[in-house]
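Throughout, protein chains are lettered first and strands after them, A, B, ... in sequence-line order, and every chain is numbered starting at 1.
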There are 2 protein chains.
Amino acid sequence: MKNMVVAEYIDRLFTQFEPSLKEILTNNATLRDFKIGDMLMQTGQNMRSTVIIVEGTVKLYREGEDGQEFFMYYLQPGNACALSMICATKQQTSQVMAKAIQQTKALMIPIVLMDQLMRDYKTWYYFVIETYRTRFEELLFVIDNIAFKAMDERLAFYLKKQAADLSTKQLHLTHNQIASDLNTSREVISRLLKKMEQSGQIKMQRNYIEYLI
Amino acid sequence: MKNMVVAEYIDRLFTQFEPSLKEILTNNATLRDFKIGDMLMQTGQNMRSTVIIVEGTVKLYREGEDGQEFFMYYLQPGNACALSMICATKQQTSQVMAKAIQQTKALMIPIVLMDQLMRDYKTWYYFVIETYRTRFEELLFVIDNIAFKAMDERLAFYLKKQAADLSTKQLHLTHNQIASDLNTSREVISRLLKKMEQSGQIKMQRNYIEYLI
DNA sequence: TCTGCAGTGTGACTAAAATCACCAACATTG
DNA sequence: CAATGTTGGTGATTTTAGTCACACTGCAGA
């Protein structure tokens, strides 16, 4: 019974859901595996399911003209992709990219269920609203940083967020990746990182940054 | 009967709503007036109602440290404030500012109604979802511009959007206002506008820009 | 082991934007 | 109409970030 696996994820991550809601989800969700680098969503793609991450980490980003991956936020176990809910409901196409940066498992919930779930289950409705709210806030944060902060502050904030989101101070990042995430150039990042190392905020090695604060 | 006024607005702007939904809204919404410059929402404020604009225009912006009003988008008749829905539902505080830039009237819908409306009325539910979707997209657009575009492109886009949103090519803006909206300095805007005038995209007068394309 | 490439360091230069300084035009108000 | 404040124009300068060029260093694969 492969749905035992689904049921277990739902039980663990959504303790607040009513038993009958859990049952509906279990019976209708399919579990999908994504390897590192796999895309869950791409610009222009039409969504047919709402996506809920149950394992791993997914990076949401806006793609630049030269392939930059302007970082917005991560989705983690228990998070749903707000855009997959929105686009799914109205059959709209997505405006962003979502890529697995770890081995990831996600529940795919057919969009046809959305109306019924929203109507019948207050806990689901709250979950959806909360998803919108947190993602909206993340976007506002992104706007704040990019609109009002200089590069050094943005970098410091970026590293802090990485450490927090990935729950580790051992960051496996190249200067190039960071530059792409912040939409700047590698040299700028190298220089700023050096300053941060000199002031004791980080330690650097090849492909690796240790966040010390 | 002051609710006749409310009923009329709802009838005109929300033809898709079921009669009983319209009735509930009519009986529970209060109409509020805002003069130019009045705030509908402020950072840190706790929302107690969902706000639907029925007349006028409201500017949503992020406030900078020195009082800049970093422009995000306008709300117009028929639009609801996505944040007032989100914050209202969870009693969260708002992260942005909303200011009337025209004489504005708005329906205030008590948050206690939200759960019931979402559950009982599919048209309401769709309206809410659509509100989230369009505002989310607006934010993505803002991020796109600020992350990837240079000042001249941002300015051109800004003027275009003003003309489109306010349905007029006669823009009553000072260089200072524009600079504040784009979080740059007045001199930069003056110079770029001059270039745009020279290339025939706009015509300038004091406190006034005519968008020619 | 050697080779090549991805990752990093750094100086020099360029470009974009912010800041400073100051002036002129216009509007409002007493 | 004089005084004052707001708006806009413009040159000079500074700051920040982006670009170019090139060197160095590990690591992985032939």
Between A/Gln162 and A/Tyr74: side-chain donor-acceptor atoms closer than 3.5 Å: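 Result is yes, a qualifying pair exists.
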
Under 4.0 angstrom between [X] side-chain N/O and [N] OP1 or OP2:
{"X": "A/His175", "N": "C/dA6", "answer": "no"}
{"X": "B/Ser190", "N": "D/dG8", "answer": "no"}
{"X": "A/Lys194", "N": "C/dT10", "answer": "yes"}

Check: B/Phe141 ring centre within less than 6.0 Å of B/Tyr73 ring centre: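 No, the ring of B/Phe141 stays outside the 6.0 Å limit from the ring of B/Tyr73, centre to centre.
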
When you measure only distances, ignoring hydrogens and angles, does the side chain of [X] come within 3.5 Å of the base of [N] through a donor and an acceptor?
{"X": "A/Arg154", "N": "D/dT16", "result": "no"}
{"X": "B/Arg206", "N": "C/dA27", "result": "no"}
{"X": "A/Arg191", "N": "C/dG11", "result": "yes"}
{"X": "B/Arg186", "N": "D/dT7", "result": "no"}

Side chain to side chain contact (heavy atoms under 4.5 Å, CB included) between A/Ile178 and A/Phe71, worked out: CA-CA 9 Å; A/Ile178 300 175; A/Phe71 177 69; over 6 Å; no

Whole-Å gap separating [atom2] ([N]) and [atom1] ([X]):
{"X": "B/His172", "N": "D/dT7", "atom1": "NE2", "atom2": "C1'", "value": "16 Å"}
{"X": "B/Asp152", "N": "C/dA16", "atom1": "CG", "atom2": "P", "value": "9 Å"}
{"X": "A/Lys149", "N": "D/dA17", "atom1": "NZ", "atom2": "P", "value": "14 Å"}
{"X": "A/Ile178", "N": "C/dA6", "atom1": "CD1", "atom2": "P", "value": "18 Å"}
{"X": "B/Gln205", "N": "D/dT6", "atom1": "CD", "atom2": "C1'", "value": "17 Å"}
{"X": "B/Tyr208", "N": "D/dT7", "atom1": "OH", "atom2": "C1'", "value": "17 Å"}
{"X": "A/Asn207", "N": "C/dC5", "atom1": "CG", "atom2": "P", "value": "17 Å"}
{"X": "A/Ile209", "N": "C/dG7", "atom1": "CD1", "atom2": "P", "value": "13 Å"}

Note, B/Asn79 side chain near B/Arg135 side chain (heavy atom, < 4.5 Å): yes

B/Phe127 and B/Trp124 aromatic ring geometry - parallel, tilted or perpendicular at 30°/60° bounds: tilted

Sugar-phosphate, base or nothing in reach of B/Thr174, heavy atoms under 4.0 Å: sugar-phosphate

Closest-nucleotide ordering on DNA chain D, the 5'-leading residue of A/Met151 and A/Glu187: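 Its nearest nucleotide being more 5', the pick is A/Met151.
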
